[in-house]
Asks: 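Below you will find the structure I want to go over with you.
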Amino acid sequence: MPGGAAAIADLLDRQSAVAVAIAYASALDAREWTAFRALFGANVTIDYSAIGSFKADVSSDEWTARCRLLEAFGATAHRLSNLQASVEGKQAEVAAIVDAAHFIRDGEDELMGNLIGRYRFRLQRGERWSIVGVTLSVAGYPAGRAAFDRVFALARTRFAQGASA
């Protein structure tokens, strides 16, 4: 590891990259779509295939629009831990454990679908760090995969109908 000023610059680079990953999770939960969209460049490579979802290279506008599905939930909590960043020139990668809980009401019942997994963010530096790729892998579903799938099916239906939870 470099010493002195180089070590400080390396630490600041890694912390700046980590801050982008934290901002991703925070903006999702707060439904701050302008702030969320600002984390990306023009395009992004998404791989959420681990949950049977989206895998593609898309415009960041399209990804932001897809994430608005979260508006159908009463609340979400994307908690990140064990964040690790590596920086090589104008490229960075941030890995984090994610505990993602999604809550939605179904009549009198509040349902939860959650997963524990890992995010891998790929970033590129221009004027600032921008996300150019996000991969989600899954370690498990604490409430069960069926519960996870059920809450997302309900959210997709509500979102398509234009109603929030």
Side-chain angles (χ1 to χ4, degrees), residues 1-2 6-104 113-142 148-149 151-152 155-156 159-160 164:
M1 172 171 265
I8 292 169
D10 180 61
L11 175 65
L12 292 174
D13 269 350
R14 287 184 286 117
Q15 286 306 110
S16 294
V18 164
V20 173
I22 292 168
Y24 180 95
S26 297
L28 284 174
D29 292 335
R31 278 73 160 162
E32 292 177 351
W33 304 120
T34 301
F36 184 77
R37 171 57 185 89
L39 297 171
F40 304 93
N43 298 298
V44 62
T45 301
I46 299 297
D47 185 355
Y48 273 43
S49 59
I51 59 171
S53 186
F54 196 66
K55 180 179 180 178
D57 296 326
V58 296
S59 76
S60 297
D61 291 335
E62 180 180 343
W63 179 238
T64 301
R66 285 179 167 275
C67 288
R68 290 186 73 136
L69 166 69
L70 295 181
E71 293 173 0
F73 289 99
T76 59
H78 292 79
R79 297 162 293 197
L80 302 183
S81 63
N82 299 357
L83 288 111
Q84 297 179 342
S86 62
V87 176
E88 297 219 8
K90 294 185 178 218
Q91 308 292 321
E93 185 169 299
V94 177
I97 300 297
V98 59
D99 179 351
H102 305 80
F103 301 92
I104 194 166
N114 67 322
L115 68 81
I116 306 291
R118 179 172 290 278
Y119 273 136
R120 185 170 58 96
F121 296 94
R122 289 170 309 287
L123 303 130
Q124 185 164 345
R125 184 183 3 230
E127 293 180 25
R128 59 180 171 71
W129 286 115
S130 295
I131 299 171
V132 295
V134 182
T135 300
L136 172 65
S137 59
V138 177
Y141 300 90
F148 184 84
D149 290 343
V151 299
F152 267 87
R156 278 191 285 286
F159 189 75
S164 62

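Values below: every heavy atom of this structure, side chains too, minus hydrogens, waters and symmetry copies. Since the structure is predicted, the reported quantities are computational estimates derived from the model, not experimental observations.
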Asks: Where is the tightest heavy-atom contact between V18 and A85, given as atom of each residue plus distance?
Replies: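 Taking every non-hydrogen atom into account, CG2-CB, 3.7 Å.
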
Asks: Could you tell me if the side chain of F40 sits less than 4.5 Å from the side chain of L123, heavy atoms only?
Replies: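 No, side chains not in contact.
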
Asks: Atom CZ in F148, atom CD1 in I51: separation rounded to 0.5 Å?
Replies: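 Answer for the CZ-CD1 pair, F148 versus I51, is 4.5 Å.
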
Asks: Checking side-chain polar atoms at under 3.5 Å, does R122 have a donor or acceptor matched by the opposite partner on T135?
Replies: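 Yes, because at least one side-chain N or O of R122 sits under 3.5 Å from a partner of the opposite role on T135.
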
Asks: Less than 4.5 Å apart, any side-chain heavy atom of V94 and any of V20?
Replies: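 No, too far: nothing below the 4.5 Å cut-off.
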
Asks: How long is the straight-line distance from CH2 of W63 back to OG1 of T45, given to the nearest 0.5 Å?
Replies: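 One gets 11.5 Å once the value is rounded to the nearest 0.5 Å.
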
Asks: Tell me the closest heavy-atom pair linking A72 and A155, and the distance in Å.
Replies: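 Answer, listing the atom of A72 first, then A155: CB-O, 3.3 Å.
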
Asks: Which atom pair, heavy atoms only, marks the closest approach of D13 to W129?
Replies: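 Shortest heavy-atom separation between D13 and W129 comes out as O-NE1, 3.6 Å.
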
Asks: Can you measure from CZ (R118) to CG (N82) and round to the nearest 0.5 angstrom?
Replies: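 If I round to the nearest 0.5 Å, the distance is 7.0 Å.
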
Asks: Taking G41's backbone N and O only, do any of them form a donor-acceptor pair with S60's side chain (distance below 3.5 Å, no angle check)?
Replies: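 Confirmed, S60 side chain pairs with G41 backbone.
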
Asks: For T76, which of E71, R31, H102 qualifies under side chain to side chain donor-acceptor pair (under 3.5 Å)?
Replies: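 That would be R31; it is the only one of E71, R31, H102 passing the side chain to side chain donor-acceptor pair (under 3.5 Å) with T76.
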
Asks: Is it true that a side-chain atom of R156 and a backbone atom of L69 form a donor plus acceptor pair closer than 3.5 Å?
Replies: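 No, R156 side chain to L69 backbone: no donor-acceptor pair under 3.5 Å.
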
Asks: Would you say the side chain of V98 lies within less than 4.5 Å of the side chain of L115, judging by non-hydrogen atoms?
Replies: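 When only atoms from C-beta onward are counted, V98 and L115 do touch, with a gap below 4.5 Å.
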
Asks: When rounded to the nearest 0.5 angstrom, what is the spacing between CG in L83 and OH in Y119?
Replies: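 Atom-to-atom, L83:CG and Y119:OH are 11.5 Å apart.
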
Asks: Look up atom CG in L39 and atom OH in Y24, then write down how far apart they are to the nearest 0.5 Å.
Replies: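 OH of Y24 is found 9.0 Å from CG of L39.
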
Asks: For a quick test of reading the model, state the closest non-hydrogen atom pair linking H78 to A100 and the distance between them.
Replies: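 Scanning both residues, the minimum pair turns out to be CD2-CB, 3.6 Å.
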
Asks: Would you check if C67 and L28 make a side-chain contact, meaning some heavy-atom pair closer than 4.5 Å?
Replies: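 Yes, at least one pair of side-chain atoms sits under 4.5 Å.
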
Asks: Can you confirm whether D149 sits close enough to Y141 that some side-chain heavy atom of one is under 4.5 Å from a side-chain heavy atom of the other?
Replies: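 Side chain of D149 against side chain of Y141, heavy atoms only: no contact under 4.5 Å found.
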
Asks: Looking only at heavy atoms, what is the nearest atom pair of S59 and N43, with distance?
Replies: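 Of all heavy-atom pairs spanning S59 and N43, the closest is CA-OD1, 3.3 Å.
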
Asks: Hey, could you give me the CD1/CZ distance between I104 and F73, rounded to the nearest 0.5 Å?
Replies: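 The distance works out to 5.5 Å.
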
Asks: So which atom in I116 and which in P142 form the shortest heavy-atom distance, rounded to 0.1 Å?
Replies: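 So the two residues come closest at CG1-CG, 3.7 Å.
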
Asks: Do R66 and I46 come within less than 4.5 Å of each other through their side chains, counting heavy atoms only?
Replies: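 No, their side chains stay 4.5 Å or more apart.
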
